[in-house]
Each structure stands twice: as structure tokens, then as C-alpha cells.
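Presented below is the structure to which this report refers.
Basis for what follows: all heavy atoms, side chains included, without hydrogens, waters or symmetry-related copies. All of these numbers come straight from a predicted model, not from anything done at the bench. Note on naming: letters A, B, ... go to the chains in the order of the sequence lines (proteins, then strands), and numbering restarts at 1 for each one.
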Protein chains: 4
Amino acid sequence: MNTTRAMLETYPRDYNVDTDKLQACIDACNECANACTQCADACLSEDNVAELIKCIRLNADCADLCVATGRVLSRQTEYDANVARAALQACIQVCKTCGDECERHASMGMEHCGVCAEACRRCQQACEELLATIS
Amino acid sequence: MNTTRAMLETYPRDYNVDTDKLQACIDACNECANACTQCADACLSEDNVAELIKCIRLNADCADLCVATGRVLSRQTEYDANVARAALQACIQVCKTCGDECERHASMGMEHCGVCAEACRRCQQACEELLATIS
Amino acid sequence: MNTTRAMLETYPRDYNVDTDKLQACIDACNECANACTQCADACLSEDNVAELIKCIRLNADCADLCVATGRVLSRQTEYDANVARAALQACIQVCKTCGDECERHASMGMEHCGVCAEACRRCQQACEELLATIS
Amino acid sequence: MNTTRAMLETYPRDYNVDTDKLQACIDACNECANACTQCADACLSEDNVAELIKCIRLNADCADLCVATGRVLSRQTEYDANVARAALQACIQVCKTCGDECERHASMGMEHCGVCAEACRRCQQACEELLATIS
């Protein structure tokens with residue numbers, strides 16, 4: 001079983017969020033965070049690194065906010081909806097902005113940017129779906 | 001000279017944000033992140049730890065989002081106002097929620113919560129002042 | 001395909017590390033980091049939280065060092081063996097210490113500590129296997 | 001009063017480490033982490049960014065390991081000397097490697113690398129001094 005899921009299923013209290021959407025969102029945050037760290041590194045290895053500065057910068061922002069959001073969501077004890085919502089909104093914004101930038105480079109042949117753009121899109125969507133359940 | 005300031009003054013390009021407000025905000029994020037990590041740890045050492053669960057949890061969230069926000073703001077190259085704004089808004093929310101919780105315990109004699117609440121308030125205010133300058 | 005792998009396979013340069021071992025180690029660091037954040041949170045929800053203080057504290061350390069190590073390893077450009085080795089050694093130590101503590105609580109019926117202990121063991125082993133290839 | 005110090009002085013238990021050295025080390029980790037994030041960003045703004053790839057990469061590693069080490073050291077509850085030592089050793093290594101690289105660029109006129117190199121040296125030294133007290 002997926003470890004995030006196994007941890008949610010052994011959590012000792014009830015919690016207030018849909019388990020499938022929560023697991024998907026935590027996993028997507030961690031996947032996107034790592035793809036962005038790898039993408040920044042791959043961009044640094046490209047001959048045209050000077051044209052990839054914006055991508056490297058947004059990758060770093062996206063990695064940092066995805067790690068923070070994945071951690072906030074991994075905490076269900078004394079859950080605070082305002083904090084969860086604020087983290088999700090920040091994550092959605094940076095995944096959108098970084099995903100757009102990566103997609104632009106993917107369309108010009110940067111394969112790692114294409115893989116990273118997909119991870120950003122998945123994370124944005126998972127965050128939006130979880131956010132929609134938080135009243 | 002403060003190191004954050006020295007780094008801003010040796011930054012090779014122009015940037016679009018007020019230097020005083022930017023430095024204050026980066027420093028406040030880092031100060032608050034560390035105070036929150038220390039406060040969670042101090043709460044774990046209290047005899048009434050069971051009453052401090054919410055504080056420990058919010059401290060951890062606040063530390064994570066303050067570190068991420070401080071890093072996003074430390075990057076001025078190919079600055080994106082939407083990302084900066086989203087990070088600041090998340091940071092303001094978690095500093096407010098965590099600061100309220102710490103203040104409640106400070107009023108019941110938890111001195112470390114009092115020191116941490118002040119760091120949360122300073123960070124919230126520094127983020128609000130910087131956010132106000134980002135159109 | 002696993003995203004970590006897809007990013008490694010689209011990396012533009014050659015690199016000096018075994019791909020299978022590198023991917024396994026990055027993934028294990030991220031899995032362990034998240035399991036530890038979830039385990040600290042689950043411990044905070046237990047009635048006997050006062051007996052789980054050491055576990056909560058080590059979970060937090062392990063999460064922080066696993067995230068940092070996963071990021072260092074995700075960077076292959078201008079790879080520095082001394083830095084990779086130092087990060088791996090720190091990660092191995094904290095996974096061992098945290099895994100031991102979690103295992104102790106698992107044997108007393110804390111299921112989430114059991115899941116987390118396994119993630120710590122997997123991460124420790126993946127780091128040891130990668131470290132063995134770094135001369 | 002410095003906030004790190006105020007938090008240490010309101011910590012509810014005794015702890016086993018020299019307060020001056022501990023505070024200096026936590027503060028140096030946070031200062032170095034932020035200087036490195038700012039230095040990576042400043043390097044990305046330089047015209048000769050292609051010659052600064054190694055510096056950008058080491059800055060990112062150093063920032064990540066300094067944040068993790070500063071957090072580990074900020075936790076005194078159920079302190080584990082093996083974990084503290086391992087984190088300090090990793091931090092010393094990355095501060096040395098990153099400081100050397102920054103110093104090289106400082107000597108060629110990169111002022112931000114000079115400021116960052118000094119922060120790396122201070123952090124390396126503060127970690128070494130704290131490590132020397134941990135038997």
C-alpha cells in the first residue's frame with residue numbers, strides 16, 4: 001500500500017477531509033516538489049541556461065511551496081481550515097505559474113520541462129479538488 | 001551590516017520592490033520560522049503538553065510556510081508578482097492563526113509562547129506591509 | 001513512469017551515479033520525510049502523547065534531513081561527492097535513530113509508528129546502498 | 001533581545017548544550033541558509049551565469065542543509081547527540097564546499113559571492129565550535 005495512505009489509515013482520530021482527495025494532494029505536492037528540484041537542476045545543465053533563468057527560479061519557488069503545503073496537509077490534528085486553504089491557494093498559484101513556464105520550454109524541445117509541467121498540472125488539480133471540499 | 005541587506009545591496013540587477021520592506025519581511029520570516037520551531041519544541045517539554053497540541057501543530061505549519069515565503073521573497077530574478085502575493089497571503093494567514101494560539105497560551109503563563117506570538121505578529125505585519133506595495 | 005525516473009531519463013548531461021540506486025534513494029527520502037511528518041501528527045493525536053515526545057521530536061528531525069538529502073541528491077549538475085556523502089551520512093543516522101524509536105512504539109501497538117519505522121528502514125537502506133557506490 | 005536567545009531562555013527544561021554556542025550556531029545556520037538562497041538568485045542574474053552553475057548548485061544544497069540543521073539544533077527536547085552530530089557534520093561539509101566556491105568567485109569580483117562566502121565561513125565555524133562540545 002502507498003505509504004501516505006497507510007499513514008492516513010492508521011491515524012488514531014477521525015478527520016474532516018476526504019481521504020482519497022487528501023492522499024492524492026499530499027502525494028502530488030511531494031511529486032511536484034521533487035520534479036521541480038530536478039527540473040531546476042536539468043535547466044542548469046542546458047547549453048542555453050541563460051534562457052531558462054525564469055524556469056529555474058519558478059521551479060525553486062514551486063518546490064518550496066509544494067513541500068510546505070504537503071506538510072501542512074499531512075497534519076490533521078487540530079486541523080485549521082483557514083491555514084489549509086491559504087496553503088492550497090499559494091500552491092495552486094505557483095503550480096500554475098511554474099507549469100505555464102515549463103510548458104513553454106517543453107514546446108521548444110526541453111523534455112524535462114515537459115515532465116515537470118505535467119507534475120505541476122497534476123498538483124494544481126489535486127489542490128483545487130481538495131480546496132473545493134474545504135468550506 | 002545585516003547579511004540579508006548586504007546581499008540585496010550586491011544584487012546585480014535592479015528590482016521592483018522597496019528594499020527596506022523586502023529586507024524586513026525576509027528577516028521576519030526567518031525569525032518567525034525559527035521561533036515557531038523552538039516554540040513547538042518548548043511545548044513538547046511542558047507538563048501539560050496535551051493542552052498544547054494545537055499550538056505545536058500550528059507552530060510546525062507556521063515554520064514551514066515562513067521558510068518557504070522567506071525563500072520566495074529572497075529571489076528577485078524574474079520576479080513574479082502573483083507568486084510573491086500568494087506566498088505572502090499564506091504566510092499572513094498562518095502567522096495570524098499561530099500568533100492567536102500562542103498569545104492564548106502566553107496569557108496563561110507560557111513565556112515561550114509569548115516570545116513566539118510576538119515573532120508571529122512581527123512577521124504578519126512585515127508581510128502585510130510588503131504585500132501592500134505589490135500591485 | 002515514475003516521475004523521479006522520467007526526470008532522470010530526460011536529464012541533459014551524463015551523470016556519475018547508478019540510476020536505479022539514485023532514483024530509489026530520492027524516492028525513499030521523500031517517502032520517509034512524509035511518513036515522519038504524518039507520524040509526528042498521529043502521535044500528537046494519541047491519548048498517551050506524553051510518552052511519545054521523543055518520537056515526535058525525532059520524526060521532525062528525520063523529515064527535515066530527508067527533505068534536504070532528497071534535494072541534494074536530485075541535483076546532479078556539478079555534483080560534489082563530499083556534499084552528497086555528508087548528506088547521506090546524516091540521513092542514515094537520523095533514519096536509524098528515528099526508525100528505532102518508531103519500532104519501539106510499534107511493538108507496543110502504535111500502528112502508524114510501525115508504518116513509519118518501515119519507511120525509515122527503507123530510506124536508511126537506500127541511502128547506504130547509494131553511499132556504497134560513492135567513492 | 002535576540003529571538004533565538006529569548007526562546008532558549010524561556011525553554012521549560014534544562015538542556016545539555018552551551019547556550020552561547022547553541023544560539024550562535026542556530027543563528028549562523030539561518031543566516032547562511034538565507035545568504036545562499038539570495039546568492040543563487042544573484043548568480044542567476046549575472047551575465048556570465050554559465051560560469052556560476054556550480055555556485056548556484058552548491059548554494060541550493062547549502063541552504064537546504066543549513067535550514068535542516070538549524071531546525072534539528074532548535075529542538076532540545078529528548079535531544080539525541082548522534083543526530084545533532086550527524087547534522088552538524090553535514091552542515092560543516094556543505095558550508096566548506098560552498099564557501100570555497102563562493103570565495104573563488106568573490107576573488108573575481110562577484111560581491112554577493114563574497115558576502116555569502118563570509119556567511120558560509122561563520123556557519124562552518126559555529127557548527128565546528130558546537131560540535132566540539134558534543135561528546
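For C:Arg122, the part sitting under 4.5 Å from any heavy atom of chain A is the side chain, from C-beta outward, and nothing else. Proximity to chain A is absent for every atom of C:Cys29, based on heavy atoms less than 4.5 angstrom apart.
Annotation: maximal heavy-atom pairing with chain C below 4.5 Å, among A:Asp27, A:Leu44, A:Thr3, A:Leu8, occurs at A:Thr3. With chain C as partner, the option from A:Asp41, A:Thr10, A:Asp47 having the largest number of non-hydrogen pairs under 4.5 angstrom is A:Asp41. Of the listed residues (C:Pro12, C:Gly114, C:Ala40, C:Ala42), the one with the most heavy-atom contacts under 4.5 Å to chain A is C:Pro12.
More than 12 non-hydrogen atoms from other residues, nucleotides or ligands lie less than 6.0 angstrom from CD of C:Glu129. In C:Asn16, the CG atom is not crowded: 12 or fewer heavy atoms of neighbouring residues, nucleotides or ligands sit closer than 6.0 Å. Shown here is A:Glu111, whose CD atom has no more than 12 heavy atoms of other residues, nucleotides or ligands within 6.0 Å. The 12-atom threshold is not exceeded at CD of A:Gln125, counting heavy atoms of other residues, nucleotides or ligands nearer than 6.0 Å.
Residues A:Asn34 and C:Asn30 bring a donor and an acceptor atom of their side chains to less than 3.5 Å of each other.
Chain C is approached within less than 4.5 Å, heavy atom to heavy atom, by A:Ala63, A:Asp64, A:Val67, A:Gly70, A:Arg71, A:Ser74, A:Arg75, A:Gln76, A:Thr77 from residues 61-84 of chain A, ordered by number.
The shortest side-chain heavy-atom distance between A:Val115 and C:Met1 does not fall under the 4.5 Å cut-off.
Nearest heavy-atom pair, A:Ser45 versus C:Tyr11, reported as atom, atom and distance to 0.1 Å: OG-OH, 2.7 Å.
Taking CD from A:Glu31 and CE from C:Met7, the interatomic distance works out to 10.5 Å, rounded to the nearest 0.5 Å.
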